[in-house]
Asks: 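The structure is given below, and queries will be raised subsequently.
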Amino acid sequence: MSCCTPEGGCSTGTAPAEVTTGNTTVYNVSGMTCGHCKATLTQEIGALDGVLAVDVDVEAGRVSVTTSSEPDDALLTKVVDDAGYELVGRAA
């Protein structure tokens, strides 16, 4: 017998974990052309302390970064540039 309810809840009596959303900042990045670019930036940016999520949109030339606190734009610029791309700035 499963402890899960049909609605997707848990009947064990434990409270569900609270989800922290963080701060999402979108950056314009040039030089991305393919899935390899997406994978590289996702890995490199995702490895930074405080980064909760990375979403790379190659076609739009944008990278969304969700952090636990205010993002360090200088550090993100360095990481993106060191990976072979150019962080142009925050998207409007």
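The figures here come from the full heavy-atom set of this structure, side chains too, leaving out hydrogens, waters and symmetry mates. Keep in mind that what you see is a predicted model, and the values were worked out from it rather than measured.
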Asks: Counting heavy atoms not belonging to Asp49, are there more than 12 under 6.0 Å from its CG?
Replies: no
Asks: Would you check, one step at a time, whether the test side-chain contact (heavy atoms from CB on, under 4.5 Å) holds for Val58 with Val56?
Replies: CA-CA 6 Å; Val58 173; Val56 178; 4.1 Å; yes
Asks: Checking Leu76 against Leu48 for the side-chain contact (heavy atoms from CB on, under 4.5 Å) test, could you report, in this order, the C-alpha distance in whole Å, the side-chain angles of both residues, the deciding distance, and whether it holds?
Replies: CA-CA 9 Å; Leu76 284 166; Leu48 296 173; 3.7 Å; yes
Asks: Any link between Val54 and Val88 through a network of hydrophobic side chains (Ile, Leu, Val, Met, Phe, Trp, Tyr) touching at under 4.5 Å?
Replies: no
Asks: Drop me the distance from Leu75's CG to Leu87's CG, to the nearest 0.5 angstrom.
Replies: 11.0 Å
Asks: Any chance you could measure Thr66, atom OG1, to Asn23, atom CG, to the nearest 0.5 Å?
Replies: 8.5 Å
Asks: Is Glu44 close to Asp82 at the side-chain level, that is, under 4.5 Å between some pair of heavy atoms?
Replies: no
Asks: Less than 4.5 Å apart, any side-chain heavy atom of Pro71 and any of Val65?
Replies: no
Asks: For Thr33 versus Cys37, what's the shortest heavy-atom pair and its separation?
Replies: N-SG, 3.2 Å
Asks: For side-chain contact (heavy atoms from CB on, under 4.5 Å), just list the numbers for Thr40 and Tyr85, CA-CA rounded to whole Å, side-chain angles, deciding distance to a tenth of an Å, and then say yes or no.
Replies: CA-CA 10 Å; Thr40 298; Tyr85 309 95; 4.2 Å; yes
Asks: Starting at OH of Tyr27, measure out to OG1 of Thr77 and round the result to the nearest 0.5 Å.
Replies: 7.5 Å
Asks: Which heavy atom in Ala83 sits nearest to a heavy atom in Leu41, and how many Å separate them?
Replies: CB-CD2, 4.2 Å
Asks: Could you report the tightest heavy-atom contact between Arg62 and Val26, atom names first, then the distance?
Replies: CD-CG1, 3.8 Å
Asks: Let me see the working for Asp81 and Glu86 under side-chain contact (heavy atoms from CB on, under 4.5 Å), right down to the final yes or no.
Replies: CA-CA 5 Å; Asp81 290 353; Glu86 182 182 3; 4.3 Å; yes
Asks: Whether the Asn28 and Arg90 side chains hold a donor-acceptor pair (N or O, under 3.5 Å, no angle test) is what I'd like checked.
Replies: no
